[in-house]
Amino acid sequence: MSTDAPDPGPAEPRSRASREVEPGVERDFARNLSYGEYLDLPTLLSAQHPRSVPAQHDELLFIIQHQTTELWLRLVLHELSSACELMAADEHRPALKRIARVKHIQAAMTEQWSVLATLTPSEYARFRAFLATGSGFQSWQYRAVEFMLGNKNAAMLDVFAHDEGQHRGLVELLHRRSLYDEVLAWLDRRGHELPGSVLGRDVTETYQADPGVVRAWSLVYADPDRYWAEYEMAEELVDLEDNFQVWRFRHLRTVERIIGSKPGTGGSSGVPFLRRALDLTFFPELYDVRSAIQDVTPAGYHGGDGDV
Ligand code: HEM
């Protein structure tokens, strides 16, 4: 007999919910908290509501891709929020642990673009009209992550004016110090003397690069052994930003292959709008410092002068 499911064998005299998990190990799945209850799977798995009429097979992929990203963003916010609190308390080691997890989440978020890339332009065109003006531009969690990393933009609050809770949450984050603000304050407390104008800046404004901060990071990069904690933190932040940009880039390329040069459902120019975000930076001085680092030439070396 050929069948996909294994043969369950003869019925055993157990209660209906009691099962032998392994030889000698029994569990009564009805009496204890179940997997589905713990994860609230009935809610999670009934939250996909395709809108296309007639129903289009590929819309479920589109919905789940967005929902899984939003779930990951929820965890990113949880980790970043904790990282900010830890840095404020001079607990940089556990903060690095939080950041390390965020980096792995970012990698998962970026990798999943390849799933959506299986959606062809013709498949998307069959249900795009049903999205009306819905757009990732209205992702509250995405904007919250940007604010937390330091890309503050008060104008974004208007997008959430219709939802009092979301609007209030973003206003609160706008007024809170970003991860970079916390790292710079920590750097100062560790004796690197940052400019007062940076430490006391209006945190609701987009962060502007400051030459005094470049100088502080230059000293760290000139002597990594002495300033290992600061050096490690700087490189972790660069990883975070790098990963964020790779996500943005994969989004842009996926959008380009699916809608070409059409405008977005959120009303933007589409791909040109997304391309502009690739010029944004969360931690400007960590890039500026790279140009300030002096090449070290060992004494007596008279070799080549190329990059390779
Ligand atoms: C067929 C797939 C997709 C297309 C064609 C698309 C298209 C676009 C476009 C054109 C924009 C610019 C705003 C607008 O005018 O709508 C945008 C923004 C955005 N999208 Fe997507 N997108 C897709 C999938 C996704 C997915 C799966 C996510 C994951 C949550 C996502 C998240 C975002 C975010 C966060 C923004 C705001 C970016 C910013 O403001 O810098 N998009 N998208």
Side-chain angles (χ1 to χ4, degrees), residues 44 47-52 56-77 80 102 105-163 166 169-170 173-174 178 206 240-282:
L44 189 65
Q48 293 71 42
H49 308 290
R51 290 177 169 258
S52 51
Q56 294 301 316
H57 172 85
D58 303 291
E59 193 178 354
L60 188 61
L61 157 69
F62 184 79
I63 292 173
I64 288 182
Q65 180 96 18
H66 282 85
Q67 290 183 336
T68 48
T69 304
E70 290 292 340
L71 278 175
W72 282 129
L73 287 174
R74 190 176 195 286
L75 188 56
V76 167
L77 285 173
L80 286 181
V102 172
I105 300 168
Q106 288 176 312
M109 284 171 57
T110 297
E111 180 48 39
Q112 78 178 35
W113 282 118
S114 59
V115 184
L116 190 63
T118 62
L119 181 72
T120 67
S122 352
E123 287 164 352
Y124 185 46
R126 286 191 205 113
F127 64 87
R128 188 180 191 222
F130 294 95
L131 310 179
T133 56
S135 160
F137 189 67
Q138 298 154 332
S139 166
W140 183 86
Q141 296 200 106
Y142 181 82
R143 217 51 74 190
V145 170
E146 284 213 314
F147 276 22
M148 220 173 252
L149 288 177
N151 184 23
K152 303 275 184 79
N153 181 353
M156 286 296 167
L157 296 175
D158 295 346
V159 177
F160 304 94
H162 63 283
D163 186 316
Q166 291 190 345
L170 267 198
L173 282 178
L174 188 73
S178 71
T206 310
L240 268 188
E241 168 148 350
D242 205 36
N243 289 351
F244 206 99
Q245 287 294 22
V246 175
W247 185 89
R248 280 184 177 137
F249 181 72
R250 290 293 310 276
H251 176 229
L252 182 153
R253 295 291 294 178
T254 312
V255 170
E256 199 165 30
R257 71 184 277 172
I258 297 175
I259 63 166
S261 58
K262 289 180 191 168
T265 48
S268 81
S269 56
V271 168
F273 168 84
L274 296 173
R275 195 166 281 132
R276 282 200 292 278
L278 294 179
D279 289 331
L280 296 173
T281 171
F282 297 122

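Indexing begins at 1, ligand by ligand and atom by atom, following the structure's order.
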Verify, without hydrogens or angle tests, whether [X] (side chain) and [Y] (backbone) share a donor-acceptor contact under 3.5 angstrom.
X      : Y      : result
Gln67  : Ala47  : yes
Glu111 : Ala108 : no
Trp72  : Met109 : no

Problem - Phe249, CZ: over 12 other non-hydrogen atoms inside 6.0 angstrom - result: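 No.
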Is [X] touching ligand 1 with its side chain, its backbone, both, or neither, if touching means heavy atoms under 4.0 Å apart?
X      : result
Phe137 : both
Trp72  : neither
Arg248 : neither

Check ligand 1 against [X] and write out every atom of the ligand that is under 4.0 Å from a heavy-atom position of the residue.
X      : answer
Gly266 : 14 (C), 15 (O), 16 (O)
Gln65  : 27 (C)
Ser135 : 13 (C), 14 (C), 16 (O)
Gly270 : 10 (C)
Thr69  : 29 (C), 30 (C)
Leu116 : 2 (C), 24 (C), 27 (C)
Gly264 : 10 (C), 14 (C), 15 (O), 16 (O)

Problem - Sequence-distant partners of Asn243, side chain to side chain donor-acceptor pair (under 3.5 Å), two or more places apart - result: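 Only Gln106 meet the side chain to side chain donor-acceptor pair (under 3.5 Å) criterion with Asn243.
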Shortest protein heavy-atom distance from [atom], along with the residue and atom involved:
atom                    : result
atom 1 (C) of ligand 1  : Phe62 CE1, 3.5 Å
atom 38 (C) of ligand 1 : Tyr142 CE2, 3.9 Å
atom 11 (C) of ligand 1 : Leu274 CD2, 3.9 Å
atom 17 (C) of ligand 1 : His251 CE1, 3.5 Å
atom 4 (C) of ligand 1  : Val255 CG2, 3.6 Å
atom 33 (C) of ligand 1 : Gly136 CA, 3.5 Å
atom 15 (O) of ligand 1 : Ser268 OG, 2.7 Å

Handout entry: Phe62 vs Gln48 side-chain heavy atoms within contact, under 4.5 Å
Key =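 SC-SC contact between Phe62 and Gln48 ruled out.
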Problem - Option with minimal heavy-atom separation from atom 28 (C) of ligand 1, where the choices are Gln141, Gln112, His66 - result: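 It is His66 whose heavy atom sits nearest to atom 28 (C) of ligand 1.
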Problem - Whether His251 and Trp247 hold their rings parallel, tilted or perpendicular, with breakpoints at 30° and 60° - result: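 Plane angle under 30°, so parallel.
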Exercise for the section: Could you label the plane-to-plane angle of the Tyr142 and Phe244 rings as parallel, tilted or perpendicular, counting under 30° as parallel and over 60° as perpendicular? Expected result: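 Ring orientation, 0 to 90° scale: tilted.
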On a heavy-atom basis, which atom in [X] and which in [Y] lie closest, and how many Å separate them?
X      : Y      : answer
Asn151 : Leu280 : ND2-CD1, 3.5 Å
Ser178 : Leu149 : CB-C, 4.0 Å
Phe147 : Lys152 : O-CE, 3.3 Å
Gln141 : Leu77  : OE1-CD1, 3.8 Å

Problem - Any Arg143 heavy atom less than 4.0 Å to ligand 1 - result: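 Distance cut 4.0 Å: Arg143 passes for ligand 1.
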